[in-house]
Amino acid sequence: MAPVLYIVIPCYNEQEVLPETIKRLSAKLCEMIGSGLCSSESRMLFVDDGSKDSTWEIIIKAHSENEYVCGLKLSHNRGHQNALLAGLMSAKELCDCAVSMDADLQDDIGVLDEFVQKYIDGCDIVYGVRSNRKKDTFFKRFTAACFYKFMKLLGVEIINNHADYRLMSKRTLNTLSEYREVNLFLRGIVPLMGFKSDIVYYERDKRFAGESKYPLKKMISFAVDGITSFSVKPLKLISNVGIIISLLSVLGILYALISKIMGTAAPGWTATIASIWLVCGIIMFCLGVIGEYIGKIYIEVKARPKYTVEEFLKK
Ligand code: UDP
Ligand code: MG
């Protein structure tokens with residue numbers, strides 16, 4: 001029997017692009033249902049992540065006109081990852097598999113058939129991977145490459161050039177619901193679950209309309225979150241840096257003693273000040289890294305709910 005597919009789309013202030021996304025995605029879903037690739041119970045689930053524009057009104061209207069459109073409204077803006085999780089967790093009881101994608105038509109909907117075909121062939125997770133990054137700015141390409149390298153270096157299993165365009169089966173969604181962490185970094189969690197997976201390559205377009213909701217500041221904090229949520233290697237790094245500095249300072253003291261004995265000791269003001277600044281800088285940096293983890297523990301310990309559903313429009 002053809003699987004029930006839910007396409008989960010987090011939306012935050014997406015009024016410019018949403019009508020077009022709904023139009024194109026409905027056409028695609030109808031085509032897939034028509035060809036028997038997925039069941040007629042399949043739906044698109046738009047998650048309104050506390051938008052301040054008319055995103056929710058557009059979803060309500062689409063829901064009343066189009067039987068394939070469902071909507072989920074979060075009471076407050078909780079960020080892309082939480083909105084996505086809210087959608088996936090609401091869809092998991094209703095679907096056999098769910099695909100997550102952005103609202104801005106950057107993810108090529110033409111490859112949805114391939115996702116579902118791979119699911120039918122027995123994959124539990126299908127990752128959408130960008131075939132190239134030609135359309136990105138040099139800065140974005142460079143920082144993304146550094147991020148993936150760094151994550152690999154820290155031993156975090158992460159799929160290169162894969163964002164959140166992916167298919168997950170019902171049992172992967174059930175497993176995901178058992179991950180209790182509050183700092184969500186789905187790209188890191190999903191590969192941790194195991195299960196049979198495959199990759200579908202696609203070309204990522206420019207945003208169809210509207211502005212990116214990921215300015216540089218959010219991008220950096222997302223990357224830091226990814227690193228500190230998955231690796232304690234920075235903590236180990238601190239100890240290593242500490243050992244190296246201690247060794248170096250022993251050499252420095254030896255050097256100072258020898259110069260004293262030889263009678264060549266200069267007043268040494270510059271060297272003293274320089275080393276004070278250097279060491280203070282390093283200590284501050286290390287404290288910062290520790291602080292990052294303590295902050296995480298603090299947030300995890302509170303275990304606040306990750307999202308609150310205000311309204312669920314379903315068929
Ligand atoms: N998004 C969200 N909540 C937020 C920020 C973004 O639900 O607080 C959604 C947004 O509507 C879009 C997706 O997450 O569907 C990815 O955001 P965007 O396209 O702005 O990021 P970019 O592609 O520029 O990295
Ligand atoms: Mg985008």
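Note that ligands are numbered from 1 as they come in the structure, with each ligand's atoms numbered from 1 the same way. Values reported hereafter were calculated over all heavy atoms of this structure, with side chains retained and with hydrogens, waters and symmetry mates removed. What you see is a predicted model; the values in this text were computed from it and never measured. Quick note: residue numbers are just sequence positions, from 1.
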Is there a donor-acceptor contact under 3.5 Å linking the side chains of Glu211 and Asn13?
no
Would you say the side-chain atoms of Ser169 and Thr172 include a donor-acceptor pair closer than 3.5 Å?
yes
Decide yes or no for Phe285 and Val241: does some side-chain heavy atom of the first lie under 4.5 Å from some side-chain heavy atom of the second?
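No - every pair of side-chain heavy atoms lies 4.5 Å or more apart.
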Of the protein's non-hydrogen atoms, which lies at the shortest distance from [atom], and what is that distance?
{"atom": "atom 21 (O) of ligand 1", "answer": "Tyr214 CD1, 3.2 Å"}
{"atom": "atom 16 (C) of ligand 1", "answer": "Asp102 OD2, 3.4 Å"}
{"atom": "atom 18 (P) of ligand 1", "answer": "Arg207 NH2, 3.5 Å"}
{"atom": "atom 5 (C) of ligand 1", "answer": "Lys213 CB, 3.6 Å"}
{"atom": "atom 1 (N) of ligand 1", "answer": "Tyr12 CB, 3.7 Å"}

N, O or S of Gln106 under 2.8 Å from the Mg ion (ligand 2):
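Short answer: yes, at least one N, O or S atom is under the cut-off.
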Does only the side chain of [X] get under 4.0 Å from ligand 1, or the backbone, or both, or neither? Count heavy atoms.
{"X": "Met219", "value": "neither"}
{"X": "Arg78", "value": "neither"}
{"X": "His80", "value": "both"}
{"X": "Lys218", "value": "side chain"}
{"X": "Ala103", "value": "both"}
{"X": "Asp49", "value": "side chain"}

Nearest heavy-atom pair of Arg24 and Phe208: which atoms, and what distance?
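Scanning both residues completely, I find the closest heavy atoms to be NH2-CE1, 3.1 Å.
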Do the side chains of [X] and [Y] get close enough for a salt bridge, i.e. N-O under 4.0 angstrom?
{"X": "Arg78", "Y": "Asp49", "value": "no"}
{"X": "Lys134", "Y": "Asp136", "value": "no"}
{"X": "Glu14", "Y": "Arg207", "value": "yes"}

Using atom types as modelled and distance alone, determine if a side-chain donor or acceptor of His63 lies under 3.5 Å from a backbone N or O of Cys70.
no
Do the side chain of Gln106 and the main chain of Lys206 share a donor and acceptor less than 3.5 angstrom apart?
no
For ligand 1, which atoms, with element, lie under 4.0 Å from some heavy atom of [X]?
{"X": "Asn77", "value": "3 (N), 4 (C), 8 (O)"}
{"X": "Pro10", "value": "7 (O), 9 (C), 10 (C), 11 (O), 12 (C), 15 (O)"}
{"X": "Ser212", "value": "20 (O), 21 (O), 22 (P), 24 (O)"}
{"X": "Gln106", "value": "19 (O), 23 (O)"}
{"X": "Cys11", "value": "7 (O), 11 (O)"}
{"X": "Arg204", "value": "23 (O)"}
{"X": "Glu14", "value": "10 (C), 11 (O), 12 (C), 15 (O)"}
{"X": "Asp104", "value": "19 (O), 23 (O)"}

Using a 3.5 Å cut-off on N or O atoms only, is Glu211 in polar contact with ligand 1?
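In fact, backbone or side chain, Glu211 has no N or O that close.
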Does NZ belonging to Lys149 count more than 12 external heavy atoms closer than 6.0 Å?
no
Salt bridge (Lys or Arg N to Asp or Glu O under 4.0 Å) assessment of Asp108 paired with Arg204
CA-CA 6 Å; Asp108 175 15; Arg204 192 167 157 100; over 6 Å; no
Please give the atom name: the N, O or S atom of Asp104 nearest to the Mg ion (ligand 2).
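Considering only N, O and S atoms, Asp104 comes nearest to the Mg ion (ligand 2) through OD2.
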From Lys118, Arg171, Arg166, residue fulfilling salt bridge (Lys or Arg N to Asp or Glu O under 4.0 Å) relative to Asp124:
Arg171
Heavy-atom contact under 4.0 Å between Gln81 and ligand 1?
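Per 4.0 Å heavy-atom rule, Gln81 does not contact ligand 1.
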Under the side-chain hydrogen bond (donor to acceptor under 3.5 Å, both in side chains) test against Ser229, which residue among Glu181, Lys296, Glu300 passes?
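Output: one option passes, namely Lys296.
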Please work out which of the three classes, parallel, tilted or perpendicular, describes the rings of Phe185 and Phe147, given edges at 30° and 60°.
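Ring orientation of Phe147 relative to Phe185: perpendicular.
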